[in-house]
Amino acid sequence: MIYPDFAQELEKIDARGLRRHMRVFESPQQPRAVVDGREIRLFASNSYLGLSNHPSVLEAAQNALARYGSGSGGSRLTTGTYTPHVELETEIADFKGTEAALVLSSGFLTNSTVITAITDPTWTVFCDKLNHASIIDGCRHSGARFVPYAHADMSDLEKKVRQKMGGKGLIVTDGVFSMDGDIAPLPAIVDIAARYGLMTMVDDAHAAGVLGATGAGTSEYYQVKGKVDIEMGTLSKAFAAEGGYIASSRALIDFLIHRARGFIFSTAMAPHTAAAALAAIRICRAEPGIRRHLLELSRSFAAQIAQTGFTTSRGETPILPVLVKTPENAVHLSRALWDEGFFVPAIRPPTVKESRLRFSLMASHTHKDCEDAALALARAAGKAGIRPEALHD
Ligand SMILES: *Cc1c(COP(=O)(O)O)cnc(C)c1O
């Protein structure tokens, strides 16, 4: 029995122009990728450091695959902990400057299970409105009192903390926001937390490997390393593998090993995935030039997009949104760019409130790639009949 509501829901999705399709890759994430059977210039990947096919990453993964086999065979607490997991956790703790670290099988799982494990209905969680869905799911599952605050708005945060406090509390924020590419005001968050006796958590999915002198992320970028209680990150983006991690105190990590259901009851990531992530973090730490090039590209690309008349970010991170008002505009522009040979995704509700194109850069891009993309954006707008000036308020 398949209930008819599913088909009806899909019809509604279609009617609103929100139907999703999956593009199929036949190459690694690289500036010229093979997608749906054609070579396309890729401006859609979260592999920010361009390490998905780096020789040292591949070699580490291949060696681990040959040595340990393909799957981990169990959860971390049974048979699933291998040498690469332990080495990876040691490396992450050192990278992040914390006592300990714990690796889980995805970033989504990490946020949802860790927030669920540490909070309960007696807690209040203050959450930036643009935080990732996995953070919100964690709050829902724990039953904590959930208090969203206006995006990056510190006076709204402090007002809500004053109104709602009493008992234990956590302020949680993305370090770099995934669809806007802006950086959270972490020093102010740390300051409010200290004044009101709250814990802090930062999700560095898009910041680790990208921001800070050694690539350690948002707290390093602002020089508040060591002042954030829980540093969360993923191995799936800049580090070109998959998995999530928590870097924190030894006590908190040991608590999670005993209480985080997504750690206890889920099979460990494959050992070769841990080995690949470890190799990528080591490259990131040893070669700051990769990150410098990426951030230089971001700044100059933001200026080039602005010259086309569209509104984008300041280019502080490799995520560059181009705001286009309606889902239809986003879809038409993305399609016109695809026809020009560029893969730039349309991001629409419910993922974001305001429809947009989301350009993302990789360190393997060149300045020429970015110039070409900005020119293609201008041509695509012409073909789609969209005048950027008409989109401004
Ligand atoms: C991608 C992402 C996650 C989830 O990480 P995965 O490794 O993809 O499961 C969590 N938080 C943020 C902010 C993200 O962008």
Side-chain angles (χ1 to χ4, degrees), residues 22 25 29 44-49 51-52 85 88-89 92 96 101-117 125 127-141 148 151-152 170-186 189 200-211 216-219 221 228 230-247 260-263 266-270 273-274 276-278 280-281 313 316-321 345 347 350-352 356 358-362:
M22 287 182 256
F25 277 72
Q29 307 276 300
S45 179
N46 294 332
S47 187
Y48 303 119
L49 295 178
L51 299 179
S52 311
H85 295 98
L88 177 59
E89 287 170 345
I92 290 171
K96 286 284 189 174
L102 188 69
V103 168
L104 295 91
S105 52
S106 87
F108 194 105
L109 180 76
T110 302
N111 274 332
S112 67
T113 198
V114 166
I115 295 173
T116 304
V125 181
C127 185
D128 188 293
K129 277 198 174 148
L130 296 190
N131 276 350
H132 193 261
S134 53
I135 295 175
I136 292 159
D137 280 18
C139 297
R140 279 194 191 137
H141 292 157
H151 174 53
L170 171 71
I171 307 175
V172 54
T173 184
D174 283 13
V176 168
F177 289 87
S178 54
M179 295 300 151
D180 291 75
D182 57 334
I183 308 173
L186 195 58
I189 290 172
T200 48
M201 174 168 175
V202 62
D203 172 347
D204 261 350
H206 300 276
V210 173
L211 292 184
T218 314
S219 61
Y221 173 83
V228 175
I230 304 173
E231 297 238 11
M232 178 273 172
T234 65
L235 303 166
S236 51
K237 288 161 184 163
F239 301 131
E242 61 186 43
Y245 61 82
I246 295 290
R261 293 166 66 81
F263 176 81
S266 182
T267 297
M269 72 167 62
T273 303
L278 176 61
I281 293 175
S313 66
E316 298 166 297
T317 71
I319 301 165
L320 294 113
I347 313 286
T351 309
V352 291
R356 66 198 60 192
R358 178 185 186 268
F359 283 88
S360 57
L361 300 179
M362 298 180 285

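All ligand and atom numbering here is 1-based and tracks the order in the structure.
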May I ask you to check if ligand 1 and Gly107 share an N or O to N or O distance below 3.5 Å?
yes
Would you kindly say whether Gln29 and Ser52 are connected by a side-chain donor-acceptor distance under 3.5 Å?
no
To the nearest 0.5 Å, atom CG of Asp180 lies from atom CD1 of Ile319 at 9.0 Å
Atom pair CD1 (Ile115) and CG (Leu170), whose distance is rounded to the nearest 0.5 Å:
6.5 Å
State whether the shortest distance between N or O atoms of Thr234 and N or O atoms of ligand 1 falls below 3.5 angstrom.
no
Taking only heavy atoms of Asp174 into account, list the atoms of ligand 1 that are under 4.0 Å away from them.
13 (C)
Numbering as shown, the atoms of ligand 1 that approach Ser134 to under 4.0 Å (heavy-atom distance):
10 (C)
Could you tell me whether Glu242 atom CD has more than 12 heavy atoms of other residues or ligands within 6.0 Å of it?
no
Contact atoms of ligand 1, heavy-atom distance to Asn111 under 4.0 Å:
10 (C), 11 (N)
Between Arg261 and Thr116, does a side-chain contact (heavy atoms from CB on, under 4.5 Å) hold up when you go through it step by step?
CA-CA 9 Å; Arg261 293 166 66 81; Thr116 304; over 6 Å; no
Atom 9 (O) of ligand 1: nearest protein contact (heavy atom, Å)
Phe108 N, 2.8 Å
Among all protein heavy atoms in this structure, tell me which lies nearest to atom 15 (O) of ligand 1, with the distance rounded to 0.1 Å.
His206 NE2, 2.5 Å
Closest heavy-atom pair and its distance - Ser219, Glu231
OG-OE2, 2.7 Å
Students should be able to answer this: which protein heavy-atom is nearest to atom 13 (C) of ligand 1, and at what distance?
Asp203 OD2, 3.2 Å
For atom 8 (O) of ligand 1, what's the nearest protein heavy-atom neighbour? Residue, atom name and distance, please.
Ser236 OG, 3.6 Å
Closest to atom 14 (C) of ligand 1 among protein heavy atoms sits Lys237 NZ, 2.8 Å
Does any part of the side chain of Phe108, heavy atoms only, come nearer than 4.5 Å to the side chain of Asp137, both counted from C-beta?
yes
If every non-hydrogen atom of His151 is compared with every non-hydrogen atom of Lys129, which pair is closest and at what distance?
N-CB, 4.4 Å
Under 4.0 Å from any heavy atom of Ala205, which atoms of ligand 1 are there?
2 (C), 11 (N), 12 (C), 13 (C), 14 (C), 15 (O)
Do any nitrogen or oxygen atoms of Met232 lie less than 3.5 angstrom from nitrogen or oxygen atoms of ligand 1?
no
